[in-house]
Amino acid sequence: MIRTVRVGDIVGFRTFTSVIRYGEVVDVLMRGAGGRACRKDEISIRLKPDGHVVMVQRWRLAERYDRRKI
């Protein structure tokens, strides 16, 4: 699980078919006690390149990309 996720980060996440999709984080909904990170956090991601926004749970995040390398 990626510990730090901020709005604007480019992240990759696993779909139910184990394919990794990637996109830009547009919102983070913290569900842990006291606003701490936990597995059930919901993260809204704008998919690349189609622009659809999906909501995934934090535990599905596979990696965070460096903007300079994309």
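Note that the numbering runs from 1 along the sequence shown for the chain.
Between I43 and L29, every side-chain heavy-atom pair lies at or beyond the 4.5 Å cut-off. Here the side chains of V53 and L47 are not in contact, with every heavy-atom distance at 4.5 Å or above. Within the 4.5 Å cutoff, the side chain of L61 has heavy atoms near those of the V56 side chain. For the pair R58/K40, no side-chain contact is recorded, criterion being any heavy-atom separation below 4.5 Å from C-beta on. At least one side-chain heavy atom of E42 sits under 4.5 Å from a side-chain heavy atom of M55. A 4.5 Å side-chain heavy-atom check between I10 and K48 finds at least one atom pair inside the cut-off.
The pair R46-D27 fails the salt-bridge criterion, with no side-chain N (NZ, NE, NH1 or NH2) lying under 4.0 Å from an Asp/Glu carboxylate O.
In this structure, the separation between OH on Y65 and CD on E24 is 14.0 Å, given to the nearest 0.5 Å. One finds the OG1 atom of T4 at 6.0 Å from the CZ atom of R64 (value rounded to the nearest 0.5 Å).
For D41 (side chain) and R31 (main-chain N/O), a donor-acceptor pair under 3.5 Å exists by modelled atom type.
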Between F13 and I45, is the side chain to side chain contact (heavy atoms under 4.5 Å, CB included) condition met? List the steps. CA-CA 10 Å; F13 66 95; I45 300 174; 3.8 Å; yes

Exercise for review: Could you walk me through whether Q57 and R39 pass the side chain to side chain contact (heavy atoms under 4.5 Å, CB included) test, one step at a time?
Suggested key: CA-CA 7 Å; Q57 291 177 324; R39 283 178 52 93; over 6 Å; no

Evaluate side chain to side chain contact (heavy atoms under 4.5 Å, CB included) for R21 paired with D50, printing each intermediate quantity in order.
CA-CA 11 Å; R21 298 277 318 258; D50 58 7; 3.7 Å; yes

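With F16 as the aromatic partner, R60 meets the cation-pi criteria of under 6.0 angstrom to the ring centre and within 45 degrees of the ring axis.
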